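So you know, we letter chains A, B, ... as the sequences are listed, proteins then strands, and number each from 1. Just so it is clear, the structure is predicted and the values come from calculations on it, not from any experiment.
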Protein chains: 2
Amino acid sequence: MGNLSESTKCHECKKSSKYFKRLSPSELEFINQNKTQLLYRKGETICKQGAFASDVLYISDGLVSSYLESSNNRHINLKILKTSEFIGLSSIYGDNIYNYSTAAIKDSTICMIKKESFKKVLTSNGDFASEIIKGYCENENQLFNKILSLGSKQMHGRLADALIYLYNQNMQEEKIFPYLSRKDIAEFAGLSTESTVRLLTEFKNDNIIDIRGKEIKVLNPDLLKEISRRG
Amino acid sequence: MGNLSESTKCHECKKSSKYFKRLSPSELEFINQNKTQLLYRKGETICKQGAFASDVLYISDGLVSSYLESSNNRHINLKILKTSEFIGLSSIYGDNIYNYSTAAIKDSTICMIKKESFKKVLTSNGDFASEIIKGYCENENQLFNKILSLGSKQMHGRLADALIYLYNQNMQEEKIFPYLSRKDIAEFAGLSTESTVRLLTEFKNDNIIDIRGKEIKVLNPDLLKEISRRG
DNA sequence: TATAAATATTGAATAGTATCAATTATATTA
DNA sequence: TAATATAATTGATACTATTCAATATTTATA
């Protein structure tokens, strides 16, 4: 706790997102007063699909994966969420429930902001609202890609899509592959774990990727894109 | 044209959506001045995935299907859009291009509203903006369902999902099945046309649905939901 | 209405993918 | 570190779904 409390005030937060930059000091202070900060350990569920959503969550520091849980007990991974990203934005106006689950893939500090407070700021600050809407749109695009991948491609194309996405995430500051199991990758591609393992080996033998344990490097991104394109 | 011009003014439009109800007369008049009305024939493409999006489209009267086109030449159907729904809202803040294609499934009157004008009203009228954001959220939920269906279910579950969606659409004022080919249904379910036909027959033999040519009736919605649930 | 074109249906063959079981490698914990 | 648990890999098999080809049916058009 002591270690957390240092960075507990929003306006002192070094991890402030582009969204929060749109807020005035008083708005930021208002948010600060209506939030709680929590530490989630690797593997812990942060929010659960279907649960009542009274807060908007903000990743103050960490690495989180979002996923959908199907009625037949499978998971489809949606995104890797990083420091300074929001969770559960669409619950603000929607059903009041989380539409997907999230889990910490490494120890993560999460700010929980009361939804009503968040909404208040959103209504009063058009700039902030615009930024949020922009976020929605980008997000939608990624969902379309997912639908195309799952709906119109077979194994090779689907794994290529997953690797392209994950590799792009991996290239930024923090490496993510060390935190992902084969099962995680499989759930990004919408494949069984075994098929994923087999295909990864195939890609490796074709010098498309390099594998050292969990670490995966893309050697031939163009070919990977071509495989994605062909489906 | 003569037939169209009668209902060309926004404030006289009988097909005004819940969104437009949020606008003041002057705002409505502003939109009116910055729009064009066009008639699309059945089968015509209304907007094309990837094309530059300078307008927000509004279905003044008609029936439209939205779909994604994959790089390997397949289509995945997303939604049936009806009178008083928007097309291309997410291009307002996003990439400036349409992220999906739409085609008229029957003759449809479409209003094309200059994006910049739409944006102007959106920025100045928070109520209107709220309504639009709410629309985004509902939409996102449907995309999650699609991802779950395509990513975690096999044929029976996927067709059940498609039929449940289409049947719900069908129940409203206008019947939609007469406008849909087996191929269309297949593209909603993410299946081949032949598999779709075979499964439809199977569902019919199991008294889950009734088929008379294009007309499809759901006889046992609970069983259909159960099939969807089990995947 | 007759004819042509498009759509729907069915069967058989093939390709694609998951599942199960066994084994090996890696990570965790006493 | 040894023991145990978890994750990764591989092979064989069974299942799922598409494709191709042929036929029937419906729709559109001259």
Side-chain angles (χ1 to χ4, degrees), chain A residues 41-43 65 70 72-77 105-107 149-163 177-205 209-216 227 230-231, chain B residues 41-44 65 70 72-77 103 105-107 149-163 177-205 209-216 227 230-231:
Chain A
R41 299 289 177 190
K42 179 182 171 148
S65 88
S70 87
N72 55 140
N73 259 335
R74 290 159 196 273
H75 288 181
I76 301 283
N77 285 336
I105 59 179
K106 69 170 212 185
D107 293 1
S149 185
L150 295 172
S152 75
K153 299 183 187 182
Q154 45 196 59
M155 294 206 302
H156 291 77
R158 295 226 292 274
L159 184 60
D161 285 334
L163 288 176
F177 280 114
Y179 300 104
L180 299 177
S181 69
R182 296 297 189 256
K183 184 157 174 283
D184 292 328
I185 298 175
E187 286 172 351
F188 266 106
L191 298 175
S192 71
T193 307
E194 293 94 326
S195 293
T196 300
V197 167
R198 268 184 270 265
L199 276 186
L200 283 172
T201 314
E202 194 184 320
F203 282 0
K204 183 186 156 193
N205 292 338
I209 59 175
D210 184 40
I211 304 179
R212 287 157 192 274
K214 300 216 165 207
E215 195 49 61
I216 294 178
I227 292 168
R230 272 194 255 158
Chain B
R41 297 289 176 191
K42 178 181 174 154
E44 283 189 311
S65 88
S70 88
N72 55 141
N73 260 334
R74 289 160 197 273
H75 288 181
I76 301 284
N77 286 336
I105 59 180
K106 69 170 210 185
D107 294 359
S149 186
L150 295 172
S152 75
K153 299 182 187 181
Q154 44 198 55
M155 294 206 301
H156 291 76
R158 294 226 291 275
L159 184 61
D161 285 334
L163 288 176
F177 280 114
Y179 300 105
L180 300 176
S181 68
R182 297 298 190 254
K183 184 158 174 281
D184 292 327
I185 297 175
E187 286 172 352
F188 266 106
L191 298 175
S192 71
T193 307
E194 293 93 326
S195 292
T196 301
V197 168
R198 269 182 271 265
L199 278 186
L200 283 173
T201 314
E202 194 183 321
F203 283 0
K204 183 186 153 190
N205 292 338
I209 58 175
D210 183 40
I211 304 180
R212 288 158 192 274
K214 301 218 165 205
E215 195 48 63
I216 294 178
I227 292 169
R230 275 194 252 157

Whole angstrom is fine here: how far is it from [atom1] in [X] over to [atom2] in [N]?
X      : N      : atom1 : atom2 : result
B:L159 : D:dT16 : CG    : C1'   : 15 Å
B:E215 : D:dT26 : CD    : P     : 15 Å
B:K183 : C:dA5  : NZ    : P     : 19 Å
B:N72  : D:dT19 : CG    : P     : 10 Å
B:N205 : C:dT10 : CG    : C1'   : 13 Å
A:L199 : D:dA8  : CG    : P     : 16 Å
B:R212 : D:dT25 : CZ    : P     : 17 Å
B:I211 : C:dT7  : CD1   : P     : 18 Å

Show me the donor-acceptor pairs within less than 3.5 Å that the side chains of residues 188-196 of chain B make with the rest of the protein, sequence neighbours left out.
{"from": "B:S192", "atom 1": "OG", "to": "B:S195", "atom 2": "N", "distance (Å)": "3.2"}
{"from": "B:S192", "atom 1": "OG", "to": "B:S195", "atom 2": "OG", "distance (Å)": "3.1"}
{"from": "B:T196", "atom 1": "OG1", "to": "B:S192", "atom 2": "O", "distance (Å)": "2.9"}

Worksheet item: Between D:dA8, C:dT9, C:dT7, which nucleotide has the shortest distance from any of its atoms to the side chain of B:S181?
Response: C:dT7
Fill in: Helix axis bend for the helix from C:dT1-D:dA30 to C:dA30-D:dT1 - C1'-based end axes, five pairs, 10° rounding
50°
Practice prompt. Output yes when a side-chain donor or acceptor of A:D161 lies under 3.5 Å from a complementary backbone atom of A:R158, and no otherwise.
Written response: no
Discussion item. Check whether A:N205 reaches the backbone of A:E202 with its side chain - one donor and one acceptor, N or O, closer than 3.5 Å.
Written reply: no
Discussion item. Below the 4.0 Å mark, does C:dT9 have OP1 or OP2 next to a side-chain nitrogen or oxygen of B:T201?
Written reply: no
Would you compute the distance between atom [atom1] of [X] and atom [atom2] of [Y] and round it to the nearest 0.5 angstrom?
X      : Y      : atom1 : atom2 : answer
B:D210 : B:F203 : CG    : CZ    : 14.5 Å
A:R182 : A:K214 : CZ    : NZ    : 7.5 Å
A:I216 : A:L163 : CD1   : CG    : 6.0 Å
B:N77  : B:K183 : CG    : NZ    : 8.5 Å

Response to the item:
Counting primed atoms, P, OP1 and OP2 as sugar-phosphate and everything else as base, the B/S/- map of nucleotides 11-29 of chain C against protein heavy atoms under 4.0 Å is BB---SSBBB---------
Discussion item. I'd like to know whether A:S152 forms a side-chain contact (heavy atoms from CB on, under 4.5 Å) with B:H75, so could you lay out the CA-CA distance, the side-chain angles of the two residues, the decisive distance to 0.1 Å, and finally the verdict.
Written reply: CA-CA 8 Å; A:S152 75; B:H75 288 181; over 6 Å; no
Worksheet entry | Verdict with reasoning, B:D107 to B:R41, per salt bridge (Lys or Arg N to Asp or Glu O under 4.0 Å) | CA-CA 4 Å; B:D107 294 359; B:R41 297 289 176 191; 3.1 Å; yes
